[in-house]
Asker: 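Let me begin by handing over the structure; questions about it come next.
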Amino acid sequence: METKTKDVINGSEALIRSLIAEGVGTIFGYPGGAIMPVFDALYNHKEMIKHVLVRHEQGAVHAAQGYARVSGRVGVALVTSGPGTTNTITGITDAMMDSTPLVVISGQVFSSLLGTDAFQEADVIGVTQPVTKWAYQIRRVEEIPWAVSRAFYIASSGRPGPVVLDIAKDAQLNQCEFSYSKVDFLRSYQPVPEIDEQKIEQAAELINSAKKPLALIGQGVILGNAEKELIAFLEKGNIPFASTILGLSAVPSEHPLNFGMLGMHGNISPNMKTNECDVLIAIGMRFDDRVTGDLKTYARQAKVIHFDIDLAEMDKNVKTTVKVLGDAKQTLPLITKLLEKKSHEDWISSFKPYIEKEFDYVIKNELFPENGGEIKMGEVVNKVSQATNNEAVCVTDVGQHQMMATRYFKHTRSRSMITSGGLGTMGFGLPAGIGARYGAPERTVCIFVGDGGLQMTIQEFGTIMEHNIDIKIILLNNNYLGMVRQWQELFFDERYSETHLKNPDFIKIADAYNIKGRKVTKREELDEAIAEMLSHKGAYLLEVKVETKGMVYPMVPAGGSVTDILIGNGKTI
């Protein structure tokens with residue numbers, strides 16, 4: 001009887017085959033000496049795996065984030081040792097804060113050289129362990145399939161997050177018999193906790209007795225693919241809701257129970273109603289300080305129900321009445337079955353005065369300015385959103401333009417708002433947009449950037465050029481680090497210290513990378529320019545010269561109560 005022998009291959013080939021077994025079709029990376037064997041193996045698998053050569057390792061991780069966030073799959077970045085790996089730390093930390101599933105693979109010096117301060121050696125595990133779900137150094141070739149299978153399982157299961165695999169060069173070169181098996185269980189790791197039926201009943205009882213319920217929707221709903229279950233829950237109880245920045249797009253913007261965005265620059269009505277509701281229902285969110293403001297005054301009158309998959313988030317910031325631990329896709333239907341149909345007409349109608357006030361004092365002037373003047377960020381965002389029928393993927397960098405995009409870009413489907421939430425990483429937008437385009441190639445991707453953040457990763461224009469990536473970049477240029485300038489105006493007596501920017505000619509830079517561009521300085525040109533951008537086949541940079549000292553309102557000052565809301569010109573609610 002003939003025995004079938006296993007393939008004997010080197011570690012680099014084993015790594016690529018392992019990635020293929022995990023369904024990886026796109027990798028974002030940058031080669032170097034310590035990872036060169038893997039790139040050599042990748043050469044033989046070009047039909048199976050598309051490698052996107054970025055221009056900086058930070059761009060590789062942000063691109064992998066954008067890919068993961070829009071697709072729901074694990075993003076993969078491949079970099080070399082030393083500075084190659086340390087350049088990924090910002091993106092890895094961003095992914096950890098925003099629960100983004102990533103596997104970052106780094107090369108490492110020969111295992112015999114570890115600890116000798118060899119050329120381009122860095123303590124990758126020591127540096128990345130605090131900002132990953134798992135960080136593991138592979139020194140033996142036999143460990144590669146074992147580690148890859150665990151990396152993808154850990155990154156994608158439970159509350160997702162980044163994993164780092166640091167592979168010594170000798171492990172990449174040595175030979176092993178290759179076999180691969182996917183992992184679906186790890187001892188001592190319980191990604192999805194058991195559901196407590198008693199907590200389900202207690203939560204349903206509280207919601208059924210509520211006269212003024214309010215739901216807060218976070219990204220956990222999107223990560224758990226629980227959008228349909230959420231809508232069924234909200235509609236049966238007729239529960240008004242608002243979303244965190246990362247939770248935006250879980251439910252269409254125009255849903256009648258959707259009252260917008262929470263937090264520092266969120267909508268007035270849900271912020272005010274947080275301190276009026278009798279039952280606060282948090283679903284897949286972590287009560288970030290930008291959502292709660294001063295915890296001493298936050299929802300003190302309400303009973304709080306917290307749905308989350310991560311026990312560490314329970315009672316971390318806000319004391320809860322009922323903790324519903326588990327996957328929202330599983331827990332929400334169990335509670336929905338126990339809900340009584342409600343109308344809450346008087347409660348819902350009480351949101352209206354705040355909505356009208358926000359429109360009169362903020363939105364009307366931002367979206368439909370009557371007195372001419374400089375173009376406003378909000379009107380640009382609104383026009384782009386409408387021109388895409390609210391169906392595009394909206395990717396943002398960080399700053400004033402980010403807040404305007406999250407406020408005024410509307411959504412008809414999930415996984416449509418890609419932004420840096422917890423870490424607030426300037427430079428995120430452009431590479432994340434590149435990744436989003438690969439993650440959803442059938443969708444229009446619109447990237448909103450500021451003149452500050454764009455210049456942090458502007459080298460990724462080279463990635464766009466090389467791979468002919470069809471993305472639309474909207475640069476809202478006010479020649480300032482706008483959000484810092486806003487705080488300087490409000491809280492530092494208008495002492496604009498180091499926030500004014502002398503900028504280059506962005507259109508000329510785009511042209512050098514074969515990216516079509518246009519600069520708009522007059523409001524009457526805006527509609528036609530947006531139409532030209534969206535109809536263009538290929539990358540397009542639309543630079544709009546916006547209000548130099550524009551302000552993002554409403555605004556809850558840092559550390560203030562969620563109901564202490566500035567609406568401009570010294571006015572408060």
Side-chain angles (χ1 to χ4, degrees), residues 28 52 54-56 58-71 91 94 245 248-249 377 380-385 387-388 390-411 415-421 424-441 443-465 467-477 482 506-507 509-510 513 515-520 529-530 532-534 536 538-544 546:
F28 304 91
V52 181
V54 296
R55 296 303 185 265
H56 190 282
Q58 180 178 346
V61 182
H62 290 328
Q65 287 179 271
Y67 176 91
R69 294 267 293 274
V70 80
S71 70
D94 194 289
I245 283 177
L248 291 170
S249 85
M377 288 189 182
V380 179
V381 171
N382 182 55
K383 285 178 178 293
V384 173
S385 183
T388 64
N390 304 328
E391 294 176 352
V393 176
C394 176
V395 183
T396 86
D397 207 88
V398 169
Q400 284 185 314
H401 70 276
Q402 176 191 30
M403 295 299 101
M404 290 298 187
T406 53
R407 282 182 56 79
Y408 298 118
F409 205 94
K410 304 305 179 185
H411 310 284
R415 297 187 179 274
S416 294
M417 174 55 72
I418 314 299
T419 193
S420 174
T425 304
M426 290 180 68
F428 175 88
L430 188 63
I434 291 170
R437 181 64 182 163
Y438 280 99
R443 300 186 66 184
T444 299
V445 175
C446 294
I447 308 171
F448 289 91
V449 294
D451 43 310
L454 175 60
Q455 292 181 84
M456 288 194 170
T457 50
I458 197 169
Q459 71 276 358
E460 299 307 330
F461 277 177
T463 306
I464 294 169
M465 176 180 66
H467 297 279
N468 194 27
I469 302 170
D470 185 0
I471 52 177
K472 314 308 178 189
I473 307 158
I474 302 95
L475 167 59
L476 302 179
N477 186 356
F506 290 106
I507 301 302
I509 293 174
Y513 286 98
I515 296 172
K516 185 174 177 58
R518 177 172 175 177
K519 184 173 182 177
V520 171
I530 291 171
E532 178 183 301
M533 173 185 70
L534 293 175
H536 176 71
Y540 193 106
L541 174 66
L542 176 61
E543 179 185 359
V544 183
V546 296

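What you see below is based on every heavy atom in this structure, not just the backbone, and it leaves out hydrogens, waters and symmetry mates.
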Asker: Answer yes or no: is there a side-chain heavy-atom contact under 4.5 Å between Ile434 and Glu460?
Answerer: yes
Asker: How far does CE of Met417 sit from CZ of Arg69, to the nearest 0.5 angstrom?
Answerer: 10.0 Å
Asker: Do Asn477 and Val544 make a side-chain contact, defined as non-hydrogen atoms from C-beta onward lying under 4.5 Å apart?
Answerer: no
Asker: Can you name the residues that form a side chain to side chain donor-acceptor pair (under 3.5 Å) with Thr457, not counting sequence neighbours?
Answerer: none
Asker: Rounded to the nearest 0.5 Å, what separation is found between the OG atom of Ser416 and the NZ atom of Lys410?
Answerer: 13.5 Å
Asker: Less than 4.5 Å apart, side chain to side chain, heavy atoms only: is that true for Lys472 and Thr388?
Answerer: no
Asker: Test side-chain contact (heavy atoms from CB on, under 4.5 Å) on Leu542 and Leu475; report intermediate values, then the result.
Answerer: CA-CA 6 Å; Leu542 176 61; Leu475 167 59; over 6 Å; no
Asker: Taking all non-hydrogen atoms of both residues into account, name the closest pair between Ser420 and Val398 and its distance.
Answerer: CB-CG2, 3.9 Å
Asker: Determine the minimum heavy-atom distance between Ser385 and Asn390, stating which atoms define it.
Answerer: OG-OD1, 2.7 Å
Asker: Flag the pair Phe428 / Ile418 as yes when at least one side-chain heavy-atom distance between them is below 4.5 Å, and no otherwise.
Answerer: yes
Asker: Would you mind reporting whether Leu430 and Leu454 have side-chain heavy atoms less than 4.5 Å apart?
Answerer: yes
Asker: For residues Val395 and Gly429, report the shortest heavy-atom separation together with the two atoms involved.
Answerer: CG1-O, 3.5 Å
Asker: Just checking, any donor-acceptor pair under 3.5 angstrom between side chains of His62 and Gln58?
Answerer: yes
Asker: In Å and rounded to the nearest 0.5 Å, what is the CE to CE distance from Met456 to Met426?
Answerer: 4.0 Å
Asker: Looking only at non-hydrogen atoms, find the nearest pair between Leu541 and Ala510 and report the distance.
Answerer: CD2-CB, 3.8 Å
Asker: Can you confirm whether Met404 sits close enough to Phe448 that some side-chain heavy atom of one is under 4.5 Å from a side-chain heavy atom of the other?
Answerer: no
Asker: Counting N and O atoms only, with roles assigned by atom type, does the side chain of Arg437 sit under 3.5 Å from a partner on the main chain of Gly66, one being a donor and the other an acceptor?
Answerer: no
Asker: Mind listing the closest non-hydrogen atom pair of Ala436 and Val70 along with its distance?
Answerer: O-CG1, 3.5 Å
Asker: Counting C-beta onward and ignoring hydrogens, is there a side-chain heavy-atom pair between Glu543 and Arg518 closer than 4.5 Å?
Answerer: no
Asker: With side-chain contact (heavy atoms from CB on, under 4.5 Å) as the criterion, how do Lys516 and Glu532 come out once you've worked through the C-alpha distance, each side chain's angles and the decisive distance to 0.1 Å?
Answerer: CA-CA 11 Å; Lys516 185 174 177 58; Glu532 178 183 301; 3.7 Å; yes
Asker: The test is side-chain contact (heavy atoms from CB on, under 4.5 Å); show your working for Tyr408 and Val380 and say whether it passes.
Answerer: CA-CA 9 Å; Tyr408 298 118; Val380 179; over 6 Å; no
Asker: Just how far is it from atom CD1 of Ile464 to atom CD1 of Ile469, taken to the nearest 0.5 Å?
Answerer: 6.0 Å
Asker: Assess the residue pair Ile473 and Tyr540 against the criterion (side-chain contact (heavy atoms from CB on, under 4.5 Å)); give the C-alpha distance rounded to whole Å, side-chain angles, the decisive distance to 0.1 Å, and a yes or no.
Answerer: CA-CA 6 Å; Ile473 307 158; Tyr540 193 106; over 6 Å; no
Asker: Measure the shortest side-chain to side-chain distance between Pro431 and Arg55 over non-hydrogen atoms and say whether it is less than 4.5 angstrom.
Answerer: no
Asker: Cut-off 3.5 Å, side chains only: do Ser71 and Arg415 have a donor facing an acceptor?
Answerer: no
Asker: Would Gln402 and Asp397 count as having a side-chain donor-acceptor pair, cut-off 3.5 Å?
Answerer: no
Asker: Hey, what do you get for CD1 (Ile447) to SG (Cys394), rounding to the nearest 0.5 Å?
Answerer: 10.0 Å
Asker: Which atom names give the shortest non-hydrogen contact between Ala529 and Val520, and what distance separates them?
Answerer: CB-CG2, 3.5 Å
Asker: Out of curiosity, Phe409 CZ to Leu248 CG, how far, rounded to the nearest 0.5 Å?
Answerer: 12.0 Å
Asker: Report yes or no: do Thr396 and Thr419 form a side-chain donor-acceptor pair below 3.5 Å?
Answerer: yes
